[in-house]
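Comments concern the structure below.
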Amino acid sequence: MKRLGFLTPLRLILIKATAGKTWQAAWLKVSLCLGLSVSSLSLFAQETYLDLTQSKASVAATTAHPLATEAALKMLKQGGSATDAAIAAQLMLGLVEPQSSGLGGGSFFMHWHAEKKNLTSFDGLAAAPQKVTDSLTTDVDGSKLPYAQLSRGGRSAGVPGTLPLLAKVHAQYGKLSWASLFVPAIEVATKGFPMPAYMHQILAAPGSAEAHPELLNLYFDEKQKVKAIGTPIVNEAYAQILQKIAAQGPSAVWTGEQGAAFMTTIQKGYRASLITLDDLKNYKVEERQALCSPYLRFTVCVMAPPSFGGVVVLQMLQMLEAKTAQGFNFNQPEFAHFYAEAGKLAQSDRQRYIADPGFFQVPATALVANNYAQQRAQLIQERTLPNYPAGQPVAASQVVLSNVTPAAPSSDATSQLAVVDAAGNAVTMTTTNNLNFGSRLLTQGYILNNAMTNFVTNPKPGEISPNKMEAGKRPVTSMAPVMVFDDKGQLVTLGGSAGGGQIVDYVTTNLIRMLALDQSPVEALSQGHVSTAIPQRVQLEKGTAAAQLAEALQAKGHQVEVVPMNSGMGFLKRSGTGWIGAADPRRDGVAWGFNPTP
């Protein structure tokens, strides 16, 4: 058993506090941080839970922050469903991890109904408003605008979908009252929570105060220095909007003074947003059929487009199974080479074919078909290929390869949570503000996304551009929540990751480790990353065993860079009659659970 909010925050405090300091200075900082962090967290810690990295439990949750994991487990203790728990966790994450997700963002949500053996998935991504231009860099009069000034601020924001999604899934799968799910986040917003290590790291970057003027009052001191790790953060505005949404539902955001405040906020920045209150009111959550493909003796299910992440994950798993005869060992340069080549081929396909299926005919099922993956695997050789053309999963495709915006190397925002309730129902949810702190606009205590940057920035005249900005359209995303079933149809693994374009690799590598190598989540998530998400490059995680592959991969023709890789993974895995799990050790999260009293 473990006291809430101690070991993981302590580990992170030690790492941050001791970096580059003498032991005397480090000990002083650790002492100060410990006093704030432990006392603040214990204010809310009224239960003890099993640490799923060391024990198994029949009820389980993993999120990106201890207070969010506790909020989920509180709902489950009250007899709530996995969906109730996920909603409470998301409301808390919008408070304690605002850089990554919240009411102003977008989400994917997958739900498994254990008794009915039914898998459903919901798309609540942020969408383009009804009034748009040809691209983010095109103004309403047709003139060209500088991307650097538009990647943040009002014009970069899409119509948020997370809150409508939460309301929809609660109506279908919730057991507790809507208002009760808001109680933990309202309490913490009112009383305060300790400045988390990961948020502090982001806001401590040089020039951060100037880049985040909307956040100065909340997260910076009077000298415009980010508040120290462990400093209590109170967000009264967030508590107030949550109270109104708890009483009124999602309409609280676009009605009355709340709607007026929202519209005022999105006028800020280099160019004002084109969103209207009608866009908020008319947002529609899309229920989508999950994509599923075989891998070894398992069936892996992911979100369908506009997620390109799911397609890439399924393609890579199947190509590697078809190509690999000696096992799935990331420490072997040959397998790492095969992995990188599979990733490059999958990225070519996603760039050509993936878009919002409401606007573009996406051959999603054909792209993840096993016979197609085997054909693509045959292209992989002992050295890198001269080029990586997209395949042709369907006959006589008329799609023309468009100018695609490559994944941004710094887009490590987003958050991941997964929950299993006492009845065996399960949720995996990936949720995002896009880049860290999204548009950098704060309204009523929460951050607005900058999802419009995910559309193609400069579509060329005459080209078919699947991911071109259009009214009401959702941009593609790497987010890839996943559920895995064994050959008897039993759910055995669920989770996903944060981390920008590299999400596809974080999910794929850890599925290989947990399914092919039978590693536990904590063992899998602690290992180094390999990624091909950035075009023309293979990225290896600095400071891990993966970095040692650099020379061997270069010898095979790869352009390699060794860099920090801020993943944000969270997975649960069946262990007998219970669940084990882990949250990414690179961030603040934890995986906990309990065994209900008979």
Side-chain angles (χ1 to χ4, degrees), residues 47 49-50 52 56-65 67-93 101 107-124 162 165-178 180-185 285 287 290 301-303 415-431 481-485 489-496 521 570-575 577-583 589-597:
E47 300 281 352
Y49 299 107
L50 294 168
L52 298 183
K56 66 180 179 181
S58 58
V59 172
T62 178
T63 82
H65 193 280
L67 290 173
T69 302
E70 187 200 22
L73 293 174
K74 280 183 175 180
M75 300 303 103
L76 296 171
K77 284 263 187 181
Q78 295 172 28
S81 66
T83 295
D84 292 326
I87 294 170
Q90 170 64 96
L91 296 171
M92 186 68 77
L93 287 170
S101 73
S107 304
F108 282 151
F109 186 100
M110 298 180 73
H111 181 272
W112 172 245
H113 195 294
E115 183 179 2
K116 296 180 180 179
K117 295 192 177 300
N118 182 46
L119 176 64
T120 52
S121 62
F122 300 87
D123 173 354
T162 292
L165 181 146
L166 297 181
K168 184 176 181 68
V169 297
H170 180 261
Q172 287 193 222
Y173 305 116
K175 292 175 63 179
L176 302 178
S177 70
W178 172 253
S180 68
L181 310 181
F182 289 71
V183 171
V285 177
E287 184 171 344
C301 296
V302 298
M303 284 293 305
S415 198
Q416 173 63 40
L417 64 92
V419 183
V420 178
D421 66 26
N425 304 314
V427 167
T428 177
M429 180 178 180
T430 312
T431 174
V482 61
M483 289 192 176
V484 181
F485 302 86
Q490 178 177 243
L491 179 66
V492 292
T493 301
L494 66 154
F571 280 91
L572 300 174
K573 182 180 180 181
R574 187 179 293 277
S575 177
T577 58
W579 296 86
I580 55 176
V590 292
W592 290 327
F594 65 89
N595 294 309
T597 304

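Remember, it's a predicted structure, so these values are computed and weren't measured experimentally.
- Looking at Gln90 and Ser101, their side chains do bring a donor and an acceptor atom within 3.5 Å of each other.
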Go through it in stages, so that I can follow the logic: the residues are Phe594 and Leu73, the test is side-chain contact (heavy atoms from CB on, under 4.5 Å), and I'd like the CA-CA distance, side-chain angles, deciding distance and then a yes or no.
CA-CA 8 Å; Phe594 65 89; Leu73 293 174; 4.0 Å; yes
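- Considering OG of Ser107 and CE of Met429, their distance stands at 3.5 Å, rounded to 0.5 Å.
- In this model, no donor atom of one side chain and acceptor atom of the other lie less than 3.5 Å apart for Tyr49 and Thr69.
- With rounding to the nearest 0.5 Å, the separation of OG1 in Thr83 from CE in Met75 is 13.5 Å.
- With contacts defined as side-chain heavy-atom distances shorter than 4.5 Å, the pair Met303/Met110 qualifies.
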Please walk me through it: do Val482 and Cys301 pass side-chain contact (heavy atoms from CB on, under 4.5 Å)?
CA-CA 6 Å; Val482 61; Cys301 296; over 6 Å; no
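- The heavy-atom pair separating Ser121 from Ala290 by the smallest distance is OG-N, 3.9 Å.
- The ring pair (Phe, Tyr, Trp, His ring centres under 6.0 Å) search around His113 returns none, not counting sequence neighbours.
- The backbone N or O of Gly79 sits less than 3.5 Å from a side-chain atom of Lys175, completing a donor-acceptor pair.
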What do the steps show when you test Val419 against Leu494 for side-chain contact (heavy atoms from CB on, under 4.5 Å), and what is the final call?
CA-CA 9 Å; Val419 183; Leu494 66 154; over 6 Å; no
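- The shortest heavy-atom contact between His170 and Ser177 is NE2-C, 3.9 Å.
- For the residue pair Ala114 and Ala423, the shortest heavy atom distance occurs at CB-O, 3.4 Å.
- Here the side chains of Ile580 and Pro521 are in contact, with some heavy-atom distance below 4.5 Å.
- Counting heavy atoms from C-beta on, the side chains of Lys573 and Lys56 never come closer than 4.5 Å.
- Between the side chain of Asp421 and the backbone N or O of Ala82, at least one donor-acceptor pair lies under 3.5 Å.
- Among Leu417, Leu165, Thr162, Thr430, the single residue meeting the side chain to side chain contact (heavy atoms under 4.5 Å, CB included) criterion with Phe109 is Leu165.
- Counting only heavy atoms from C-beta outward, the side chains of Phe108 and Asp123 approach each other to under 4.5 Å.
- Proximity of Leu93 to Leu91: side-chain heavy atoms (C-beta onward) are nowhere separated by under 4.5 Å.
- The shortest side-chain heavy-atom distance between Gln416 and Thr63 does not fall under the 4.5 Å cut-off.
- A heavy-atom distance below 4.5 Å is not found between the side chains of Arg574 and Thr493.
- For residues 75-84, the salt bridge (Lys or Arg N to Asp or Glu O under 4.0 Å) pairs, not counting sequence neighbours, are Glu47-Lys77.
- Ring geometry for Tyr173 versus His111: interplanar angle under 30°, hence parallel rather than tilted (30 to 60°).
- One distance of note links CH2 of Trp178 with CD1 of Ile87; it measures 5.5 Å at 0.5 Å rounding.
- In this structure, CG on Leu181 lies 13.0 Å from NZ on Lys74, to the nearest 0.5 angstrom.
- The ring pair (Phe, Tyr, Trp, His ring centres under 6.0 Å) search around Trp112 returns Phe485, not counting sequence neighbours.
- Without hydrogens or angle criteria, Asn595 side chain to Ser58 main chain gives a donor-acceptor distance under 3.5 Å.
- At least one side-chain heavy atom of Leu52 sits under 4.5 Å from a side-chain heavy atom of Leu572.
- Gly174 and Ser81 get closest at one heavy-atom pair: CA-OG, 3.9 Å.
- A side-chain donor-acceptor contact under 3.5 Å links Thr62 to the backbone of Ala582.
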